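All values derive from a computational prediction rather than experimental measurement. Sequence lines set the chain letters: A, B, ... in the order given, protein chains first and strands last, and positions in each chain run from 1.
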Number of protein chains: 2
Amino acid sequence: MIERHLTRIRARHALSADEEQVVRGLLADTRSVEARRTVIREGERLEASTLLLDGLMCRYKDLRNGQRQVTELHVPGDFADMHSFTLKRLDHNVQTLTDCVIGLVPHERIQRMTETHPRLARLYWFGTNLDAAIHREWEVSLGKRWAAERTAALFCEMHVRLGLVGMADPDGYGFPLTQTELAECLGITPIHLNRTLKELREAGLVEFRSRYVSLLDLPRLRSMADFDENYLYLDPDPL
Amino acid sequence: MIERHLTRIRARHALSADEEQVVRGLLADTRSVEARRTVIREGERLEASTLLLDGLMCRYKDLRNGQRQVTELHVPGDFADMHSFTLKRLDHNVQTLTDCVIGLVPHERIQRMTETHPRLARLYWFGTNLDAAIHREWEVSLGKRWAAERTAALFCEMHVRLGLVGMADPDGYGFPLTQTELAECLGITPIHLNRTLKELREAGLVEFRSRYVSLLDLPRLRSMADFDENYLYLDPDPL
DNA sequence: CGTCAGGTTGACGCGGGTCAAAATGAGTGG
DNA sequence: CCACTCATTTTGACCCGCGTCAACCTGACG
């Protein structure tokens, strides 16, 4: 089950046999969590980081008025909160969107890894910096793109990220979110997202139905989103 | 001049005399850069990280249509791009907003530091995770807050961050941005920002004039922004 | 066949974008 | 000290994207 995590790392960096063993040794425990459970609450003190092995999760922040903004989606192989290793408590919540399998990685094991395997430490540092890059791209979407462009950009991002761990087809992928959840990622109301999806569908760009995203015309979809996958760092320099 | 950087670190973590010497030794060179110069361009290969010693800088991303979104502001003492140590090329640009003094820290020195001083490595990792936390809060602002709330939130954030390095008064701070630049942070047009500033001023909350932010009623300003400074991690756990 | 979550559509209003133009203010040169 | 310039701020008019409120539809499930 940790294979997807190794796949994710290897998509960007080589791993020696020794390093692979250390990575495998990080996992202290795995557990199943059903859909829509908040796994990590803002402010609580954490002693372990959560590795997503299967399913989809998200980071979100609540507002006083009951609304929430999702700040990142997680696909299998992602660490949901490697950053809690240094921060110890988070400024946001982490929730499952679907039924999930998660792995727990005690901070003390990460600590030991940073001391014995500085290159691995650097790879995981890279990983949190990649999260930040995704946050920045979402800032651009939320700040400057119209609803349709924004929606297109997210569909493009998820296609690449799911593809990296072998969970996407060339022209689509399973994506079991409700329209309400998707709208919370995009900073628009579910109603307006529904209209936007209709617009994208009728333009022959993308269709989102029964938990599956069908990419009807990927080149035009990427173009309308002004999608540039460089922010996902698919070809980093070798370390 | 590196004092502000030490102050910034010490605001959150203790530093031993030995560690302080290592931090001081990171700086290979300092230079002056005039206002509105792009110091780091998206995609270029980097061999050193940039430490902001004096002045204001920002990270921004360009869009195809010529618009841009600022994704973070930097105050003196901040690393503008510690994340380039692991990413090697950035997904965004970095620019001076005012005349600045910057310090250059070769990646090889950071590399050596991670091997000899893992605790310092962890502090700098913390620093990049703090940047990500700021990105997340901006995502919330851009996605969910009205223009006035969003503007109030940014004024609150900058008050705290500038205050940490001794550059804010209890009821205001110097903030030499144009309204256009501020609007690029907030994801609204300069014209609408101008109307929003008028609204905040007439409500007796905050005034932004001649490069100075006057906090007329900080409690109400924080309240309207739903400002919760936890995301700035002012009291992290000791490492 | 009833129930309920989630998806869809319509009507209407407001926040904020857009275009145009005037006012203000910091420099600069005469 | 004044005239001129150019960036920046400010205001007005108009319109559209998206929020809001209210129904209605659909499909999964017991």
Side-chain angles (χ1 to χ4, degrees), chain A residues 34-36 56 63 65-70 97-99 140-154 174-203 206-214 224-225, chain B residues 34-37 56 63 65-69 97-99 140-154 174-203 206-214 224-225:
Chain A
E34 59 186 9
R36 294 170 209 222
L56 292 179
L63 281 94
N65 61 16
Q67 295 189 96
R68 62 181 202 168
Q69 175 67 42
V70 173
L97 292 166
T98 65
D99 290 344
V140 173
S141 271
L142 294 165
K144 283 261 144 38
R145 298 205 248 250
W146 304 120
E149 302 168 342
R150 213 184 282 190
T151 307
L154 184 57
F175 196 56
L177 299 208
T178 65
Q179 291 188 8
T180 299
E181 289 160 340
L182 190 50
E184 287 169 340
C185 297
L186 296 169
I188 57 181
T189 58
I191 294 170
H192 192 61
L193 173 64
N194 186 280
R195 291 190 279 242
T196 302
L197 290 171
K198 182 180 181 184
E199 177 190 336
L200 291 170
R201 188 188 329 124
E202 292 180 346
V206 62
E207 188 167 3
F208 177 39
R209 267 187 48 213
S210 48
R211 316 187 141 207
Y212 192 86
V213 173
S214 302
M224 106 159 297
Chain B
E34 59 186 9
R36 292 171 209 220
R37 286 273 177 279
L56 292 179
L63 283 94
N65 61 17
Q67 295 188 95
R68 60 182 205 169
Q69 175 66 43
L97 292 166
T98 65
D99 291 343
V140 173
S141 271
L142 293 165
K144 283 263 146 36
R145 298 206 247 250
W146 306 120
E149 301 169 343
R150 211 184 282 190
T151 307
L154 183 56
F175 196 54
L177 299 207
T178 64
Q179 292 188 10
T180 299
E181 289 160 341
L182 190 52
E184 287 169 342
C185 298
L186 297 170
I188 56 179
T189 57
I191 293 171
H192 192 62
L193 172 63
N194 185 278
R195 291 191 277 242
T196 302
L197 289 172
K198 182 180 181 181
E199 177 190 336
L200 291 171
R201 190 189 327 128
E202 291 179 348
V206 61
E207 186 166 4
F208 177 40
R209 264 187 49 213
S210 47
R211 318 187 139 208
Y212 192 89
V213 173
S214 302
M224 105 158 297

Phosphate contact (D/dT10 OP1 or OP2) by B/K198 side-chain N/O below 4.0 Å
no

Using heavy atoms to find the nearest nucleotide of DNA chain C for A/R36 and B/R145 separately, return the residue whose nucleotide is more 5′.
A/R36

Tell me whether the OP1 or OP2 atom of C/dT8 has a side-chain N or O from A/N194 closer than 4.0 Å.
yes

Side-chain N or O of B/Q179 less than 4.0 angstrom from OP1 or OP2 on D/dA7?
no

Exactly one of B/Q67, B/Q179, B/R68 clears side-chain hydrogen bond (donor to acceptor under 3.5 Å, both in side chains) with B/E184, and that residue is B/R68

Going 5' to 3' through nucleotides 18-23 of chain C, assign each nucleotide B (protein heavy atom under 4.0 Å from a base atom), S (under 4.0 Å only from sugar-phosphate atoms) or - (no protein heavy atom that close).
BBB---

How close or far is atom C1' of C/dA5 from atom CG of A/L177, stated in whole angstroms?
16 Å

Closest non-hydrogen contact found for B/S141 with B/A153 is OG-CB, 3.9 Å

In whole Å, I'd like the distance from the CD atom of A/E184 to the C1' atom of D/dG19.
15 Å

Could you walk me through whether A/E181 and A/R36 pass the side-chain contact (heavy atoms from CB on, under 4.5 Å) test, one step at a time?
CA-CA 11 Å; A/E181 289 160 340; A/R36 294 170 209 222; 3.4 Å; yes

In whole angstroms, how far is the P atom of C/dT9 from the CG atom of A/L193?
13 Å

Rounded off to whole Å, could you give me the CG-to-P distance for the B/L142 and C/dG15 pair?
19 Å

Sorted by chain and number, sequence neighbours left out, side-chain contact (heavy atoms from CB on, under 4.5 Å) with B/E207 holds for B/R201, B/R209, B/S214, B/L216

Could you state the OH-C1' distance from B/Y212 to D/dT9, rounded to the nearest angstrom?
21 Å

Side chain B/D99, main chain B/A35, donor-acceptor under 3.5 Å
yes

From CZ of B/R211 across to C1' of C/dG25 the rounded distance in Å is 12 Å

Between P on D/dT9 and CD1 on B/I188, what's the gap in Å once rounded to a whole number?
13 Å

How many Å lie between CZ on A/R209 and P on D/dC25, as a whole number?
19 Å

For the pair B/T180 (side chain) and B/P190 (backbone), establish whether a donor and an acceptor sit closer than 3.5 Å, ignoring hydrogens and angles.
no

Find out whether B/R145 and A/L63 are in side-chain contact, i.e. whether some heavy atom of one side chain is under 4.5 Å from a heavy atom of the other.
yes

